[in-house]
Amino acid sequence: MSVRNRFGTTAALAVMTTVGAVLLSACGPDNAASDAAAPGSAAPGATAPGGSARPSTPTPGTPAPGTKEVNGTSAANHLTISTGTRAVAMNGSTVDFGTVVRDLAWSPDGKRAAFINGNGDLVVTGPDGGAKVTLATAPGGETWSHPTWQHAAQGPGDLPESAERFDTIVFAAARGGVLRLEKIPTKAVGGTPEVLTPHTSLDGSADRPQPPQTGNTWADAGGRHGEIVYANTPAGEVYLYDDYIRPATRDLGHGSQPALSPDGEHVVFVRSVDGHDHLFTRSSRIDQQDERDLTPAATTDYTEPAWSPDGLTIAARTPDGVSTLPADGSAAPAPVSTVKGLPAYRP
């Protein structure tokens with residue numbers, strides 16, 4: 001089943017396949033713990049809000065019979081993989097974060113990580129899982145997913161507060177079948193998130209048609225001015241929201257699970273084509289329509305894409321693990337890891 005068919009599901013996040021002990025090359029010992037998911041964690045086979053179905057998994061730390069698991073991460077490629085367990089694949093090994101880690105996202109400087117823990121709360125830690133801070137606790141009956149670090153660089157002549165107001169984490173919140181984007185300052189401790197309301201005022205008109213306020217999920221921030229791309233599930237569309245100078249929301253076209261390039265100039269997203277989930281890219285500029293299918297010969301599903309810090313490589317999840325490909329589409333995707341989880345790059 002393609003991401004397009006399962007994209008609107010708002011069930012709880014799933015426990016995904018953990019990191020195995022056999023690595024791609026010689027490296028340090030496996031630090032992964034194999035404890036069960038904490039209370040509040042989702043059942044195997046559930047689907048994350050706005051995400052793809054995640055299959056049931058074997059016992060954490062146990063590769064499938066007759067297979068050899070390849071880690072595929074390294075300090076050189078900056079790739080990390082969170083698996084819905086305590087173990088995060090990174091630097092050619094695994095790191096035990098001491099709690100369930102779902103939807104891991106790195107801060108712009110790579111010094112902190114945000115994720116949803118086993119209780120469904122939004123947590124920030126150091127890169128080794130230490131110095132945990134619970135930014136916010138999820139209310140009962142609400143499911144949070146896919147945090148992203150919104151950030152704006154202070155430019156010449158900018159007041160400090162113009163950049164500080166973007167120092168937030170944006171995530172999806174699902175309650176009663178309704179999806180919304182919410183945000184909270186990165187320095188919060190036990191704070192209360194507020195709803196993010198994408199809107200537009202490009203022509204200064206109060207009656208200008210506004211983008212949907214519900215059904216929004218899978219936010220991803222990038223660029224120097226706090227831009228955010230996100231998906232709207234009922235419409236099956238990808239939007240870009242930018243309110244650095246004045247609010248502007250643009251429909252970028254049909255797709256799901258978008259990710260914004262580090263320079264904010266391009267978007268990669270997922271779209272179903274002939275029964276498989278393909279990766280597409282396009283410019284984030286309103287005056288450019290350069291959409292391109294990066295996986296025209298796909299014989300498997302490519303989902304949950306992420307950009308490398310230099311913007312040259314895209315990683316994507318597949319049923320067999322994680323693959324990478326050049327962002328310009330000059331080569332086909334190549335498998336790099338058999339760890340099944342969400343790829344993310346640490347700057």
Side-chain angles (χ1 to χ4, degrees), residues 1-9 13-14 16-17 47-55 57 69-73 77-84 89 103-105 145-146 148 217-220 222 229-231 233 236-238 252-262 266-284 290-309 311-345:
M1 181 182 293
S2 70
V3 163
R4 284 292 306 143
N5 292 331
R6 60 188 181 243
F7 181 56
T9 307
L13 292 168
M16 296 173 285
T17 306
T47 303
S52 56
R54 296 172 183 175
T57 60
E69 192 150 69
V70 176
N71 185 290
T73 67
N77 66 20
H78 298 268
L79 181 66
T80 67
I81 307 171
S82 57
T83 64
D103 296 349
L104 182 74
S145 65
H146 207 266
T148 185
T217 188
W218 208 272
D220 188 80
V229 288
Y230 64 93
T233 56
E237 298 289 295
V238 171
L252 299 181
H254 184 55
S256 64
Q257 299 181 347
L260 191 60
S261 63
H266 289 84
V267 180
V268 60
F269 55 92
V270 177
R271 181 187 295 165
S272 180
V273 178
D274 297 330
H276 286 297
D277 294 322
H278 289 221
L279 298 180
F280 284 77
T281 58
R282 62 151 290 164
S283 171
S284 62
D290 56 349
E291 187 175 282
R292 179 176 184 177
D293 187 347
L294 298 181
T295 55
T299 57
T300 189
D301 293 332
Y302 296 99
T303 61
E304 304 176 2
W307 293 85
S308 64
L312 299 179
T313 303
I314 293 172
R317 182 174 180 167
T318 75
D320 298 319
V322 172
S323 291
T324 61
L325 70 160
D328 62 4
S330 59
V336 296
S337 176
T338 61
V339 177
K340 297 177 178 67
L342 178 76
Y345 283 98

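These figures come from a predicted structure and were not determined experimentally.
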Sequence neighbours excluded and cut-off under 3.5 Å, please list the side-chain donor-acceptor pairs for residues 293-300, or say none.
{"from": "Asp293", "atom 1": "OD1", "to": "His278", "atom 2": "ND1", "distance (Å)": "3.4"}
{"from": "Asp293", "atom 1": "OD1", "to": "Thr295", "atom 2": "N", "distance (Å)": "2.8"}
{"from": "Asp293", "atom 1": "OD1", "to": "Thr295", "atom 2": "OG1", "distance (Å)": "3.4"}
{"from": "Asp293", "atom 1": "OD2", "to": "His278", "atom 2": "ND1", "distance (Å)": "2.9"}
{"from": "Thr295", "atom 1": "OG1", "to": "Leu279", "atom 2": "N", "distance (Å)": "3.0"}

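Relative ring orientation between His146 and Trp218 is described as parallel, the plane-to-plane angle staying below 30° on a 0-90° scale split at 30° and 60°.
Pairing each heavy atom of Pro262 with each of Ser308, the nearest pair is CG-O, 3.3 Å. Across every non-hydrogen atom of Ala315 and Leu79, the tightest pair is CB-CD1, 4.0 Å. Shortest non-hydrogen contact noted between Val238 and Pro258 is CG1-CB, 3.7 Å. Taking all atoms of both residues into account, the shortest heavy-atom contact from Tyr345 to Pro309 is CB-CD, 3.7 Å. Of all heavy-atom pairs spanning Thr148 and Ala105, the tightest one is CA-CB, 4.5 Å. Taking every heavy atom of both residues into account, Glu291 and Phe269 meet most closely at OE1-CZ, 3.8 Å.
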_Val268 and Phe280: CA distance, side-chain angles, deciding distance, side-chain contact (heavy atoms from CB on, under 4.5 Å) verdict_ = CA-CA 5 Å; Val268 60; Phe280 284 77; over 6 Å; no
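The backbone N or O of Leu252 lies less than 3.5 Å from a partner atom in the side chain of Arg282, making a donor-acceptor pair. Judged by distance alone, the side chain of Thr80 and the main-chain N or O of Ala344 form a donor-acceptor pair under 3.5 Å. Side-chain N or O atoms of Ser337 include one that pairs as donor or acceptor with a backbone N or O of Val70 at under 3.5 Å.
Residues meeting the side chain to side chain contact (heavy atoms under 4.5 Å, CB included) test with Ser284, sequence neighbours left out: Leu240, Leu260, Val267. Partners of Pro335 according to the side chain to side chain contact (heavy atoms under 4.5 Å, CB included) rule, which considers only residues two or more places apart in sequence or in another chain, are Ser323.
For the atom pair Ile81 CD1 and Lys340 NZ, the distance stands at 10.5 Å (nearest 0.5 Å). One distance of note links CD1 of Ile314 with OG1 of Thr324; it measures 10.0 Å at 0.5 Å rounding. Here the straight-line distance linking atom CG of Asp277 with atom CD of Glu304 works out to 10.0 Å at 0.5 Å rounding. Considering OG1 of Thr303 and CD of Gln257, their distance stands at 5.5 Å, rounded to 0.5 Å.
More than 12 heavy atoms of other residues, nucleotides or ligands lie within 6.0 Å of CG in Asp290, so this atom counts as buried by the packing criterion.
With no hydrogens or angles considered, a side-chain donor-acceptor pair links Asp328 and Ser330 at under 3.5 Å.
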